[in-house]
Novice: 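Below you will find the structure I want to go over with you.
All residue numbers in this chain count up from 1 along the given sequence. Computed over heavy atoms, backbone and side chain alike; hydrogens, waters and symmetry mates excluded. What you are looking at is a predicted structure, and each value in this text was computed from that prediction instead of being measured.
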Amino acid sequence: MESQSQSPLGFEKVIPWGQLTPENITMVTEFFLLGFSNLQEMQFLLFVIFLCLYLAILSGNVTIVSVIILEHSLHTPMYFFLGVLSVSETCYTFVILPKMLTNLLSVLRTISFTGCAVQMFFFLGFAANNCLLLVVMGYDRYAAICRPLRYPILMNWRTCRILVATCGVSGFLISMVITDLVFSLPFCKSNKINHYFCDISPVMNLACGVTYVNELFIFISSAFVLMVPFVFICISYGFIVSTIVKIPSAEGKLKAFSTCISHLTVVVVHYGCASFVYLRPSSRVTSVKDQLLTVTYTIITPLLNPMVYSLRNRAVQVAIQKMFNWGEFSHKAI
């Protein structure tokens with residue numbers, strides 16, 4: 001944003017940001033999160049709904065991780081990646097939801113400048129990590145269905161750990177770059193973020209100076225994180241579908257495709273909603289409708305993951321039943 005002053009001839013002249021003196025600048029030290037603040041009569045109802053969803057996310061993902069750890073039959077690459085995804089999504093929601101729940105019952109909805117930057121860094125880091133993990137899970141399904149004889153070699157445990165570590169490191173490196181591009185901008189306008197957490201566009205709306213260069217780099221980074229993995233997933237499923245079609249028996253086709261349907265469901269919801277928000281040029285989250293859309297990928301998708309994999313996966317269902325039966329048996333024995 002450029003400052004304007006009056007010239008001797010009565011015309012306004014533009015003063016570049018770099019020429020403004022420090023005493024003429026009021027820097028932002030904290031932000032106010034305004035998300036859902038205009039729904040005064042629904043604040044408590046939203047708190048109850050989001051609290052129930054958050055508890056469901058925690059219990060669902062903890063159950064999935066516990067079952068995968070305790071049940072030896074699930075010690076395979078597919079469920080290893082699912083467990084890592086569940087842990088990542090639990091952390092992903094922890095970055096946002098506790099603060100949002102607190103704000104729904106609070107009049108003073110402040111977050112410090114540093115706290116906002118930290119929240120954005122971890123939110124984007126876990127979000128990017130989830131995107132990359134979904135690609136790895138797609139490749140795992142490709143290797144299992146299209147290269148079954150070489151699967152133990154292609155997806156050995158050393159390779160699985162390297163893939164998970166690569167997803168985490170890459171996700172947080174991308175997050176570091178984007179967060180730095182956002183918070184390296186000067187903030188001297190309003191400190192009211194029209195959102196329920198420190199997301200990219202609502203924060204950048206408050207920045208002063210010229211922001212289009214930063215916005216361009218952020219848009220390119222978002223496109224890279226969302227579109228490149230999605231293209232790889234589509235390619236993997238292209239090969240998978242081609243292989244499944246060649247299976248002679250209908251039962252074999254159904255069995256092969258059933259191992260992919262859960263992953264496909266999560267991919268469509270996750271990439272669909274995130275792409276709609278982050279791949280809009282000059283995206284502006286200004287309405288309750290837009291904020292409710294972000295609820296889909298910040299709350300519904302992490303909730304969908306354990307539900308889809310537990311409801312549609314027979315092996316997980318059996319493992320959960322065994323775990324609870326074992327707990328009941330142990331309790332009776334005591």
Novice: Does Val67 reach the side chain of Tyr79, with side-chain heavy atoms less than 4.5 Å apart?
Specialist: no

Novice: I'd like to know whether Val203 forms a side chain to side chain contact (heavy atoms under 4.5 Å, CB included) with Cys116, so could you lay out the CA-CA distance, the side-chain angles of the two residues, the decisive distance to 0.1 Å, and finally the verdict.
Specialist: CA-CA 9 Å; Val203 174; Cys116 189; 4.1 Å; yes

Novice: Between Ser221 and Phe217, is there a donor-acceptor pair closer than 3.5 Å when you use the side chain of the first and the backbone of the second?
Specialist: yes

Novice: Can you tell me how far apart OH (Tyr54) and CG (Leu303) are? Round to the nearest 0.5 Å.
Specialist: 13.0 Å

Novice: Shared ILVMFWY cluster between Ile68 and Val62, side chains joined below 4.5 angstrom?
Specialist: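 The answer is no; the residues belong to distinct hydrophobic clusters.
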
Novice: Apply ring pair (Phe, Tyr, Trp, His ring centres under 6.0 Å) to Phe172 and list each qualifying residue two or more places apart in sequence or on a separate chain.
Specialist: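 Result, ring pair (Phe, Tyr, Trp, His ring centres under 6.0 Å) vs Phe172: Phe121, Phe126.
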
Novice: Would you say that Phe197 contacts Lys99 through its side chain, given a criterion of any heavy-atom pair below 4.5 Å between the two side chains?
Specialist: no

Novice: Taking side chain as C-beta onward, heavy atoms only, is Asn214 less than 4.5 Å from Ser184?
Specialist: yes

Novice: State yes or no: are the ring centers of Tyr139 and Phe232 separated by less than 6.0 Å?
Specialist: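 No, they do not, as the ring centres are separated by 6.0 Å or more.
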
Novice: Does the side chain of Leu34 come within less than 4.5 Å of Ile193's, by heavy atoms?
Specialist: no

Novice: Hey, could you give me the CG/CE distance between Asp199 and Met204, rounded to the nearest 0.5 Å?
Specialist: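 Atom-to-atom, Asp199:CG and Met204:CE are 11.5 Å apart.
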
Novice: Under the 3.5 angstrom rule, does the side chain of Ser86 hit a backbone N or O of Asn61 as a donor-acceptor pair?
Specialist: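 Pair absent, no side-chain N/O of Ser86 close to backbone of Asn61.
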
Novice: Please check this pair: side chain of Gln119 against backbone of Val95, looking for a donor-acceptor N/O pair closer than 3.5 Å.
Specialist: yes

Novice: Under a single-linkage definition using a 4.5 Å side-chain heavy-atom cutoff for Ile, Leu, Val, Met, Phe, Trp and Tyr, are Ile69 and Met78 assigned to the same hydrophobic cluster?
Specialist: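 Different hydrophobic clusters.
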
Novice: Would a distance-only check, ignoring hydrogens and angles, find a side-chain to backbone donor-acceptor pair under 3.5 Å from Asn191 to Glu30?
Specialist: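 Yes: the side chain of Asn191 pairs with the backbone of Glu30.
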
Novice: Could you pull out all residues at least two apart from Thr159 that satisfy side chain to side chain donor-acceptor pair (under 3.5 Å)?
Specialist: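 Scan of Thr159 (side chain to side chain donor-acceptor pair (under 3.5 Å), adjacent residues dropped) gives Asn156.
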
Novice: Decide side chain to side chain contact (heavy atoms under 4.5 Å, CB included) for Phe239 and Arg141; before the verdict, give the C-alpha distance in whole Å, the side-chain angles of both, and the deciding distance to 0.1 Å.
Specialist: CA-CA 10 Å; Phe239 286 113; Arg141 291 300 82 210; over 6 Å; no

Novice: Run Tyr142 and Thr243 through side-chain hydrogen bond (donor to acceptor under 3.5 Å, both in side chains) and show every step you take.
Specialist: CA-CA 9 Å; Tyr142 159 78; Thr243 302; over 6 Å; no

Novice: Heavy atoms, side chains only, cut-off 4.5 Å: are Thr93 and Glu89 in contact?
Specialist: no

Novice: Please check: side-chain N/O of Thr179 versus main-chain N/O of Met176, any donor-acceptor pairing under 3.5 Å?
Specialist: no

Novice: Quick check: are there more than 12 heavy atoms from other residues, nucleotides or ligands sitting under 6.0 Å from CZ of Phe230?
Specialist: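 No.
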
Novice: Taking atom CG of Leu74 and atom CZ of Phe80, what is their separation to the nearest 0.5 Å?
Specialist: 14.0 Å

Novice: With a 3.5 Å distance limit and no angle check, can you tell me whether Ser242 reaches the backbone of Gly238 through a side-chain donor-acceptor pair?
Specialist: no

Novice: Taking Asn103 for its side chain and Arg109 for its backbone only, find out whether a donor-acceptor pair lies under 3.5 Å.
Specialist: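 It does not hold such a pair.
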
Novice: Is it true that atom CZ of Phe122 has more than 12 heavy atoms of other residues, nucleotides or ligands lying nearer than 6.0 Å?
Specialist: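 Count not over threshold, so no.
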
Novice: Would you check if Thr90 and Leu58 make a side-chain contact, meaning some heavy-atom pair closer than 4.5 Å?
Specialist: yes

Novice: Donor-acceptor pair, distance only, cut-off 3.5 Å: does the side chain of His195 make one with the backbone of Leu33?
Specialist: no

Novice: To the closest 0.5 Å, what do you measure between CE (Met137) and CD1 (Ile233)?
Specialist: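 Going from the CE atom of Met137 to the CD1 atom of Ile233 covers 9.5 Å.
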
Novice: For the residue pair Thr110 and Phe31, establish whether any side-chain heavy-atom pair is separated by less than 4.5 Å.
Specialist: no

Novice: Please report the C-alpha distance between Val164 and Val136 in whole Å, then the side-chain angles of each, then the deciding distance to 0.1 Å, and finally whether the side chain to side chain contact (heavy atoms under 4.5 Å, CB included) criterion is met.
Specialist: CA-CA 8 Å; Val164 167; Val136 171; 5.9 Å; no

Novice: Taking the six-membered ring for Trp, are Phe187 and Phe113 ring centroids under 6.0 Å apart?
Specialist: yes

Novice: Minimum heavy-atom separation for Ser170 to Leu132, with atom names?
Specialist: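 Nearest pair, atom of Ser170 first, then Leu132: CB-CD1, 3.7 Å.
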
Novice: Honestly curious: do Leu173 and Met120 fall in one hydrophobic cluster under the side-chain, below-4.5 Å linking rule?
Specialist: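 Per the 4.5 Å side-chain linkage, Leu173 and Met120 are not co-clustered.
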
Novice: Considering non-hydrogen atoms only, spot the tightest contact between Met100 and Ile299 and give its length.
Specialist: CE-CD1, 4.0 Å

Novice: How long is the gap from OH on Tyr237 to CG on Leu264, to the nearest 0.5 Å?
Specialist: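 Interatomic distance, Tyr237 OH to Leu264 CG, rounded to 0.5 Å: 4.0 Å.
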
Novice: Determine whether the side chains of Tyr92 and Asn129 contain a donor N or O and an acceptor N or O closer than 3.5 Å.
Specialist: no

Novice: Taking all atoms of both residues into account, what is the closest heavy-atom pair of Ser112 and Gly115, and its distance?
Specialist: OG-N, 2.9 Å

Novice: Working to the nearest 0.5 angstrom, can you tell me the gap between Ser249 OG and Ile247 CD1?
Specialist: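 Going from OG on Ser249 over to CD1 on Ile247, the span is 7.0 Å.
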
Novice: So if you build clusters from Ile, Leu, Val, Met, Phe, Trp, Tyr with side-chain heavy-atom gaps below 4.5 Å, do Phe50 and Ile57 land together?
Specialist: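 Same hydrophobic cluster.
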
Novice: Out of Ser236, Cys167, Pro229, which one pairs with Val135 under the side-chain contact (heavy atoms from CB on, under 4.5 Å) rule?
Specialist: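 Answer to the side-chain contact (heavy atoms from CB on, under 4.5 Å) test with Val135 among Ser236, Cys167, Pro229: Pro229.
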
Novice: Closest heavy-atom contact between Pro152 and Pro148?
Specialist: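 Pro152 and Pro148 have their closest heavy atoms at CD-O, 3.9 Å.
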
Novice: What do the steps show when you test Glu215 against Phe219 for side chain to side chain contact (heavy atoms under 4.5 Å, CB included), and what is the final call?
Specialist: CA-CA 6 Å; Glu215 288 182 355; Phe219 178 78; over 6 Å; no

Novice: Looking at every heavy atom in both Thr63 and Ser59, which two are closest together, and how far apart are they?
Specialist: OG1-O, 2.6 Å

Novice: With a 4.5 Å cut-off on side-chain heavy atoms, are Leu154 and Tyr151 touching?
Specialist: no

Novice: Going only through I, L, V, M, F, W and Y residues with side-chain contacts under 4.5 Å, is there a path from Leu304 to Val65?
Specialist: no

